[in-house]
Amino acid sequence: MLHAPQSASRADQTLSLNMKLLAHHELEGFGGLGEGMGMQLTSDGRRILWLAHESAPKNFSGVDVTDPEHPKLIVQTELPHMKLRSNSLDVVGNIMVVAYQATSVGIKPAGIDIFDVSQPETPRLLSHFDCSGPYSRGVHAVWFVDGRYVHMSSGASDFQPRNPLDDQFYRIIDIIDPEKPVEVGRWWYPGTREGDEAPPPPRLPAQFDTGFRTHNTNVFPEQPNRAFIGYIDGGAVVLDISDMKNIKVVSQWNHSPPFNGFTHTVLPLFDRGLWIVSDECVQDNGADWPKLVWVVDSRNEANPVPIGTFPAPPYDAFAKRGGRFGAHNLHENLPGPTSFRSDTIIVGSFFNAGVRVYDTSNPYQVQEIAYFVPGAPKLSPAGAIQLNDVYVDDRRIVYTVDRFTGGLYILEMNI
Amino acid sequence: MTWSRDALAGKIPVTLVTGFLGSGKTTLISKLLLHPDMRRVAVVINEIGEIGIDHDLVTLSSENITLLANGCICCSVRTDLQETLRELFAQRRVGEVFDFDRVIVETTGLADPAPVVQTLASDTLLAAHYRLDGLITLVDGLHGVGQIDQQTEAVKQIAIADKILVTKTDLVTLDHLETLCGRIRQLNSQSPIEFIRQGEVEPKSLIELGLTSSRASLKTLQFLGEALNDAASADVTGTGRYLGQRSVAHNSAVKTLSLRFTEPFEWLSFSSALELLTTLRGPDLLRLKGIVNVDGEPVVVQGVQHIIDTPVKMDRWPSDDKDSRLVFIVRNMELDVIRNLFQAVGAIKSSSASTS
């Protein structure tokens with residue numbers, strides 16, 4: 001052990017393996033970013049990385065990353081008030097969908113905005129789809145990759161949850177006419193809505209009870225009749241959406257209990273019959289550890305079988321480093337032209353354990369092959385980096401964002 | 001989703017520095033540690049005390065690890081090298097040791113480097129995170145000729161080296177050096193020789209001697225070496241070109257043999273032949289390097305004695321030449337032995353194919 005001034009692993013220390021920092025952009029002092037990252041290829045050949053902010057006052061930012069070593073902030077927008085967050089966005093062609101979630105129920109606006117970003121410096125609002133209501137905080141996450149359907153985690157004015165923690169469910173919005181979005185499908189966990197026949201689902205112990213509500217709602221062109229849902233304390237839920245008016249459950253897999261809930265992302269690797277399922281850590285200082293990334297054998301989709309977990313970053317080095325420690329977002333193999341796609345290499349953000357790259361070629365023995373843990377960003381209330389989300393482009397450049405102050409980190413992988 | 005990972009790019013390269021007792025390893029290492037280009041390099045040595053580092057240049061130190069002002073990490077072997085390399089990686093991952101991207105290992109004077117190569121190839125953790133980048137052998141400019149004549153270990157160290165550093169060149173005449181180089185060339189016809197004095201060497205001349213990527217490039221050809229181009233067809237007796245012809249008259253038991261096969265191999269028959277060869281003649285098979293046509297795909301193989309590294313499938317052929325080409329450095333072995341063995345295995349394969 002080195003006799004360093006403090007304990008050996010320090011929050012101000014940058015750790016890296018096979019990843020090199022190309023550029024760091026603090027977004028003009030508003031470097032607290034959520035989990036919305038999307039890349040637009042403009043008609044004049046520029047790459048614009050769109051980023052949703054974690055909290056007010058900023059809404060979203062557009063960063064020109066055509067030259068990843070010299071990112072340029074080209075636009076940064078404001079939210080209408082401080083009780084709102086955008087958190088999530090997606091972009092297809094020149095259409096961008098942005099989520100709005102309020103700090104409590106009943107606040108407006110809450111829902112989604114649809115923008116025309118063909119002139120990225122001046123996004124033009126096409127429409128707003130209202131999801132506010134007496135029991136709704138609005139929209140937490142959107143998935144929009146085919147140019148037509150927005151799959152989202154949302155409340156609704158007509159939806160009264162039995163437990164206020166269960167306010168967001170799966171909704172599908174058709175934006176074939178982006179000026180007139182319409183709901184075309186919805187599904188919620190049986191027993192969570194007032195009036196349901198099913199009994200309410202048994203809850204996790206109070207300290208881990210984060211709700212039976214949706215987080216990521218992913219649908220891929222490889223299998224457009226399936227929705228892969230991270231249903232938080234309800235686990236991984238796969239739905240048959242071939243008839244959007246009559247959505248059926250295909251399978252459910254939940255590691256909790258005995259684990260501590262919060263299933264966040266279900267990422268299918270279609271060619272390999274696997275799902276990569278990530279949790280989200282939501283408590284500081286390792287209080288909800290372990291928050292993991294799981295490998296699930298889905299060859300028989302009705303009977304998903306967990307076969308392993310990704311090697312977790314070392315607990316001793318990170319649990320008390322500051323802020324949250326554990327899994328969160330994965331790069332989701334988006335179908336667009338600017339997204340990296342791999343059925344073996346998985347890249348994830350792990351809050352204070354940075355961004356990490358895994359090789360799942362052997363699904364029973366996943367290898368960690370690269371990582372980058374930035375030193376604590378200036379003025380961060382967590383006192384450590386809190387990497388919240390990650391996007392990898394087709395050039396295999398990795399973009400990752402801090403939850404509080406650090407902004408955008410652009411990295412190159414040597415893998 | 002066709003993009004696939006480079007099988008080698010993410011692994012931390014390890015350079016082994018070997019050389020007979022008194023050949024100048026300690027001098028070289030103590031100079032190297034202080035070189036400005038040694039940032040993010042971990043140097044594993046036998047005994048920190050031997051090196052004598054100026055205290056003003058030490059940033060942090062502990063029982064067995066010293067961080068120098070230039071960012072070089074100097075680590076002494078505690079129990080054994082295997083354990084030390086495992087520990088270093090684990091400590092790097094948790095931030096207890098500063099990030100290093102390269103390791104240089106000083107082997108002990110009498111040591112046969114082959115077991116170290118074996119450790120790197122066979123330990124699961126080490127094989128996953130490290131790759132052997134090169135073997136550097138120091139040859140004493142003053143006493144090298146005598147050592148080659150009398151010490152089998154010195155012969156082996158030279159024969160398997162990827163690069164040879166001749167030391168103490170300020171103490172000898174040009175004629176003497178020429179004689180020495182001739183002797184070295186008999187044992188190792190391919191690897192570059194560099195003359196150094198007072199242990200002064202540029203770190204960059206010690207690195208990237210191995211196969212650094214599974215993506216074919218000019219570097220792949222450099223790694224495979226020019227002896228491959230001269231590889232004789234398996235149908236004709238041939239030996240690799242000797243670059244230093246001066247002392248060919250001195251009959252050495254160590255030889256470089258090159259073979260070329262125009263017919264593609266099936267992996268099973270190729271690996272069986274190789275396995276048979278290493279089982280029967282492992283101690284005499286000092287080094288093997290080459291590119292093999294396996295059902296049309298290029299696969300790089302390399303080995304030291306009975307240890308064959310994990311074969312690396314390249315993304316494409318590095319040149320238009322798609323023949324299998326192998327270079328062996330052997331002791332007391334004739335080309336026929338190797339050629340016959342490969343042909344026999346091929347014959348077994350074809351006879352079993354014809355009877356089935």
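These numbers come from the heavy atoms of this one structure, side chains and all, not from hydrogens, waters or symmetry mates. Proteins get letters first, then strands, A, B, ... in listed order; numbering begins at 1 in each.
Within the 4.5 angstrom heavy-atom criterion, no atom of B:Leu8 approaches chain A. Both the backbone and the side chain of A:Leu17 come within less than 4.5 Å of a heavy atom of chain B.
The residue among A:Met19, A:Glu368, A:Arg396, A:Met413 with the most heavy atom pairs within less than 4.5 Å of chain B is A:Arg396.
In terms of modelled atom types and a separation under 3.5 Å, the side chain of B:Arg92 and the main chain of A:Ser16 share a donor-acceptor contact.
Contact annotation for residues 128-136 of chain B against chain A (heavy-atom separation below 4.5 Å, listed by residue number): B:Ala128, B:His129. Within residues 350-365 of chain A, the residues having any heavy atom under 4.5 Å from a heavy atom of chain B are, by residue number, A:Arg356, A:Asp359.
Other residues, nucleotides and ligands contribute over 12 non-hydrogen atoms within 6.0 Å of the CD1 atom of A:Ile307. B:Arg39 CZ: 12 or fewer foreign heavy atoms inside a 6.0 Å radius.
Here the closest non-hydrogen pair linking B:Val94 and A:Pro314 is CG1-CG, 3.3 Å.
Put simply, CG on B:Asp99 and OH on A:Tyr371 are 5.5 Å apart, with the number rounded to the nearest 0.5 Å.
Between B:Arg5 and A:Ile369, the closest side-chain pair of non-hydrogen atoms falls below 4.5 Å.
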